[in-house]
Amino acid sequence: MFARKVPPMDELMAQRVAKVEALREAGVDPYPTRAARTHTSAEVIAMVEALPEGATEAEGIVVDVAGRIVARRDMGKATFIDILDGHGRLQVLLRQNTLENYDTLKNTDLGDFVGFRGTPIRTRTGQPTVQAATWTMLAKALHAPPEKYHGLADSEQRQRRRYLDLMANEETRRVFTVRSRVIASIRRFLDARGFLEVETPILQESESGAAARPFLTHFNAIDEQRVLRISLELHLKRLVIGGFERVYEIGRNFRNEGMSFKHNPEFTMMETYEAYADYLKVAEMAEQMVSNAALEVLGTTKITFRDHEIDLAPPWRRITFNDALMEYAELDLTAFPNAESLRAELRRRGVDAPVTAGYGKLCDEAMSHYVEPNLIQPTFLLDYPVELSPLAKRKPGNPRMVERFECFVAGFECGNAYTELNDPIEQRQRFEAQLDLKAAGDDEVELVDDDFLFALEHGMPPTGGFGMGIDRLVMLLTGQSSIREVILFPPMKSLKE
RNA sequence: GCCCCCGUAGCUCAGCUGGCAGAGCAGGCGACUUUUAAUCGCGAGGUCGAAGGUUCGAGUCCUUCCGGGGGUACCA
């Protein structure tokens, strides 16, 4: 099916090219520069539905409508054409005795963009319709659209040629409309709370703010290597240091790692930083932001994901990391206070516990194995082991734990927050502890960032930070079980010619 | 990475135990002035993902490769 990148001209295409020529010979521009449109499909339908009882025509009213031909029912001296515009589908009735140049309709095909001028009517069956007096070619299509009833099903083609998916499948249009509106809702939410939206570099000297393999590139003008950012965190904190009290960024992160239903190498992250807030205040904001987006975009906080009925209305459940392990695994972390004892216990239970994993990683392993799949209703998991969170502030009175939460919905993580570590001397020590982990064989660690430490040494107020994977949120709100279904152009292997 | 499944007409899909490559939609021609997955008639349309192998004979069996999906491992 994809043996060629671009198939050669076939018979169907040749027929359409011939129609282009036929139009030109008849003095019709198949690609005119301008289009007249006075009404969308939705507006025409509303107009007809507002007609008084018994009326079959909006007398004296003339509308110009435009869209792509998605269906045609030719009945000889009358033809019905369905057009699709950005607001829906609209039926157009063309009759030989009311349309000029009825015979030129033979040069139209499914997929063409056309315009019609006519009068809104109600058909015998009550369907809002435009009875056309004239028609105009707006843009001739040289290929047939996908099948009208089944749509486009082949997932490869749907992703490689998203335009075909969009023109054929209503559900795809819905998913990406929701995505856009969710992001707009989040922006409104944060803007209304006094957050400043900022942009920070994607090309960076070295990766920071998370532990992940970066994509590499080369910066020609200064002849240096750059990495694509894996996180927004440290640049946004620099802005808090500078005095912006509430900042956020919504942007692409890049991690040169595996793909799965919830991982894509480039993904959209939203991070917020709020001075004088802590992680508990951030948690309240997070549940408000997500439930608000659901309400604004879907009209409800109740969603269905993989047969789970989920309610995003706040307050979300709160449980500590340790209590969750007690509840779901009957594992008491205080009884296994170091890497050796915890590794032995996990192995006794048959949980994967590699020798290179430090204490934090092992805790994470246990949580992922026992707890995460059970967190279906929205849940904040609170207070993480310090080893797992080098940028988070310790809990007062418990130096082994940090003030951090991750939020889980439908059994996967969709957000992460800390009370930010703002002690520059401790931050340096915590970075260096990461280096020790690396020396012990864990290659997924946070790197020391001296420039960030220098910034932190100038003083950062107590701050609550939050990160949320936008793609995952959109998965939840659209019921899509693969991240690729909420990304317009997911990465694909290139086709060999 | 590894495991499983899939790839047949522009699109959606059949094709049984190896024996003449099919249907619907779209497209072409014809009929039909209120249809809506319109209907009816006639024709047309194929590198069966690619290459090799087994066989008298391969869409079908075997091997390798290409592309996709699902699962699994690591990262959000």
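Just so it is clear: chains get the letters A, B, ... in the order the sequence lines come, proteins before strands, and each one is counted from 1. Only this structure's heavy atoms are used, side chains among them; waters, hydrogens and symmetry mates stay out.
- Considering only the side chain of A/I483, B/A76 comes nearest among B/U35, B/U12, B/A76.
- Counting non-hydrogen atoms under 4.0 angstrom, A/A211 reaches the backbone sugars and phosphates but no base.
- Close to B/U34, at under 4.0 Å from its OP1 or OP2, lies no side-chain N or O of A/R95.
- Side-chain proximity of A/Q131 to B/G27, B/G68, B/U34: nearest is B/U34.
- Comparing B/U33 with B/G15, their P atoms sit 42 Å apart, to the nearest whole Å.
- With hydrogens and angles ignored, a donor-acceptor pair closer than 3.5 Å exists between the side chain of A/T123 and the base of B/U35.
- The interatomic distance linking A/L12 (CG) with B/G27 (P) rounds to 9 Å, in whole Å.
- Contact annotation for A/M259: base contact, defined as any heavy-atom pair under 4.0 Å involving a base atom.
- Across all strands shown, B/C32 forms no Watson-Crick or G-U wobble pair with both key distances under 3.5 Å.
- Look at CD on A/E233: it is 12 Å from P on B/A76, rounded to the nearest Å.
- Separating the C1' atom of B/A23 from that of B/G18 is a span of 23 Å, rounded to the nearest Å.
- Base pairing of B/U60: no nucleotide in any strand meets the Watson-Crick or G-U wobble criterion (both distances under 3.5 Å).
- Atom CD in A/Q157 sits about 12 Å away from atom C1' in B/G68, given to the nearest Å.
- Ion pairing of A/E485 with A/R158 is present here, as a side-chain N (NZ or NE/NH1/NH2) and a carboxylate O approach within less than 4.0 Å.
- Pair assignment for B/A44 gives none, since no Watson-Crick or G-U wobble pairing has each distance under 3.5 Å.
- When heavy atoms are screened at a 4.0 angstrom cut-off, A/L152 is found touching the sugar-phosphate backbone but no base atom.
- Nearer to the 5' terminus of RNA chain B, by closest-nucleotide assignment, is the contact made by A/R122 (compared with the other of A/R122 and A/E11).
- Going from the C1' atom of B/G49 to that of B/U60 covers 16 Å, rounded to whole Å.
- Residue contacts shown for A/S155 are limited to sugar-phosphate atoms, with no base heavy atom under 4.0 Å away.
- At least one side-chain nitrogen or oxygen of A/R160 sits closer than 4.0 Å to the OP1 or OP2 atom of B/G68.
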Verdict with supporting geometry, A/R252 and A/E266, salt bridge (charged side-chain N to carboxylate O under 4.0 Å, His left out): CA-CA 6 Å; A/R252 211 69 64 87; A/E266 52 178 301; 2.6 Å; yes

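- Counting any heavy atom pair closer than 4.0 Å across all strands shown, A/E365 reaches sugar-phosphate atoms only and no base atom.
- Contact annotation for A/L93: base contact, defined as any heavy-atom pair under 4.0 Å involving a base atom.
- Taking both residues in full, the closest heavy atoms of A/I186 and A/M289 are given as CG2-SD, 3.6 Å, listed atom of the first, atom of the second, then distance.
- No engagement by A/N253 is indicated, since no non-hydrogen atom pair under 4.0 Å with the nucleic acid exists.
- At the heavy-atom level, A/Q127 lies under 4.0 Å from base atoms of the strands shown.
- Among the atoms of the strands shown, none is found under 4.0 Å from any heavy atom of A/K106.
- The phosphate of B/A76 has neither OP1 nor OP2 within less than 4.0 Å of any side-chain N or O from A/K262.
- Scanning all heavy atoms of the two residues, the minimum distance from A/I487 to A/R162 falls at O-NH2, 2.8 Å.
- At the heavy-atom level, A/R472 lies under 4.0 Å from base atoms of the strands shown.
- Put simply, CD1 on A/I69 is 21 Å from P on B/U35, counting in whole angstrom units.
- The base of B/U34 lies outside donor-acceptor range of the side chain of A/R124, with no N or O pair under 3.5 Å.
- The residue A/M492 sits close only to the backbone: its heavy atoms come under 4.0 Å of sugar-phosphate atoms, none of a base.
- Here the separation of B/C13 from B/U8, taken at their C1' atoms, is 9 Å to the nearest Å.
- The interatomic distance linking A/E156 (CD) with B/G7 (C1') rounds to 9 Å, in whole Å.
- Per the geometry, CZ belonging to A/R72 stands 15 Å off C1' belonging to B/C25, to the nearest Å.
- The interatomic distance linking A/Q91 (CD) with B/A37 (P) rounds to 10 Å, in whole Å.
- Both tests hold for A/R404 against A/Y384: distance to the six-membered ring centre under 6.0 Å, angle to the ring axis within 45°.
- A/R484 comes within 4.0 angstrom of the backbone, heavy atoms only, and of no base.
- The partner of B/C25 is B/G10, by the rule that a Watson-Crick or G-U pair needs both atom distances under 3.5 Å.
- Heavy atoms of A/D471 sit nowhere under 4.0 angstrom from any nucleic acid atom.
- Side-chain atoms of A/F80 lie closest to B/U34 of the nucleotides B/G70, B/U12, B/U34.
- Both tests hold for A/R306 against A/F261: distance to the six-membered ring centre under 6.0 Å, angle to the ring axis within 45°.
- As rounded to whole Å, 16 Å separates atom P of B/G67 from atom CZ of A/R161.
- Within 4.0 Å of A/N264, counting heavy atoms only, lies at least one base atom of the nucleic acid.
- B/U17 is unpaired under the criterion used here, namely a Watson-Crick or G-U wobble arrangement in which both key atom distances are under 3.5 Å.
- More than 12 heavy atoms of other residues, nucleotides or ligands sit less than 6.0 Å from atom CZ of A/R318.
- Using the six-membered ring where Trp is involved, A/F466 and A/F405 have ring planes that are tilted, between 30° and 60° apart.
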